[in-house]
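Each remark here refers to the structure printed beneath this line.
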Amino acid sequence: MTTSAADSRERILRVVRSIPRGQVLGYGEVARRAGLPGRARLAARVLSENDDPKLPWHRVLRSDGRIALPAGSPGFDLQVARLRAEGVTVIEGRVRGARPAADLDELVWGPPR
DNA sequence: TGCCTGACAAATA
DNA sequence: GTATTTGCCAGGC
């Protein structure tokens with residue numbers, strides 16, 4: 001497959017969009033599940049360029065389980081607010097209580113489409 | 001065409 | 001637990 005940049009972007013969006021409420025995922029994990037291992041930065045770029053209000057980008061964190069955006073930024077505040085609204089505890093930019101989505105493979109590519 | 005930057009990850013100190 | 005370094009790839013200039 002050609003794996004064009006546009007396709008890669010769509011795949012990443014698809015994975016992020018399929019993250020269940022209350023669960024979180026890392027950029028590297030998202031990229032891997034999207035079929036793009038090692039393209040964590042691409043996932044970050046896609047989220048930064050995304051314009052879909054229905055996209056749960058706030059469920060995407062760094063590998064350390066920390067918020068990617070700089071504390072104090074509007075995006076940071078928004079992400080924290082949304083995570084807390086989903087039952088996720090966020091302390092000092094760190095996510096607590098949230099569990100890494102495991103069986104997303106079936107949730108994303110398995111079902112219906 | 002070539003260099004720099006970036007919502008990153010993993011390894012090391 | 002944090003701070004630093006290296007590697008990777010895509011986009012912008």
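Every chain is numbered from 1 and lettered A, B, ... according to where its sequence line falls, protein lines coming before strand lines.
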Integer-rounded Å distance: [N] [atom2] and [X] [atom1]:
{"X": "A:E49", "N": "B:dG6", "atom1": "CD", "atom2": "C1'", "value": "11 Å"}
{"X": "A:I12", "N": "C:dG11", "atom1": "CD1", "atom2": "C1'", "value": "13 Å"}
{"X": "A:R39", "N": "C:dG11", "atom1": "CZ", "atom2": "C1'", "value": "15 Å"}
{"X": "A:R11", "N": "C:dA10", "atom1": "CZ", "atom2": "P", "value": "13 Å"}
{"X": "A:L36", "N": "B:dC8", "atom1": "CG", "atom2": "P", "value": "17 Å"}
{"X": "A:D52", "N": "B:dA7", "atom1": "CG", "atom2": "P", "value": "20 Å"}
{"X": "A:D51", "N": "B:dA7", "atom1": "CG", "atom2": "C1'", "value": "16 Å"}
{"X": "A:R33", "N": "B:dC8", "atom1": "CZ", "atom2": "P", "value": "20 Å"}

So what does [X] hit on the nucleic acid, given a heavy-atom distance under 4.0 Å: a base, only sugar-phosphate, or nothing?
{"X": "A:R9", "answer": "nothing"}
{"X": "A:S63", "answer": "sugar-phosphate"}
{"X": "A:G38", "answer": "nothing"}

Quick one: do A:L69 and A:L78 satisfy side chain to side chain contact (heavy atoms under 4.5 Å, CB included)? Show the steps, please.
CA-CA 10 Å; A:L69 294 151; A:L78 180 61; over 6 Å; no
Counting side-chain heavy atoms from CB outward, which of B:dA7, C:dC9, B:dA9 is closest to A:A40?
B:dA9
Ignoring the backbone of A:W57, work out which of B:dA9, B:dA7, B:dG6 is nearest its side chain.
B:dA7
Most 5' of A:R45 and A:R66 on DNA chain C, judged by nearest nucleotide:
A:R66
Residue closer to the 5' end of DNA chain C, A:L42 versus A:R94 (nearest nucleotide)
A:R94
Any N or O donor-acceptor pair under 3.5 Å from the base of B:dA7 to the side chain of A:Y27?
yes
Quick one: the side chain of A:R41 and the base of B:dG6, do they pair up donor-acceptor inside 3.5 Å?
yes
Could you check whether any side-chain heavy atom of A:I67 comes within less than 4.5 Å of a side-chain heavy atom of A:L61, counting everything from C-beta outward?
yes
If you apply the rule salt bridge (Lys or Arg N to Asp or Glu O under 4.0 Å), what do you find for A:E49 with A:R9, and how did you get there?
CA-CA 10 Å; A:E49 295 287 312; A:R9 196 184 87 235; over 6 Å; no
Which one of A:R21, A:H58, A:Q23 satisfies the side-chain hydrogen bond (donor to acceptor under 3.5 Å, both in side chains) criterion with A:E86?
A:H58
Here the side chain to side chain donor-acceptor pair (under 3.5 Å) pairs for residues 35-45 of chain A, sequence neighbours left out, are none
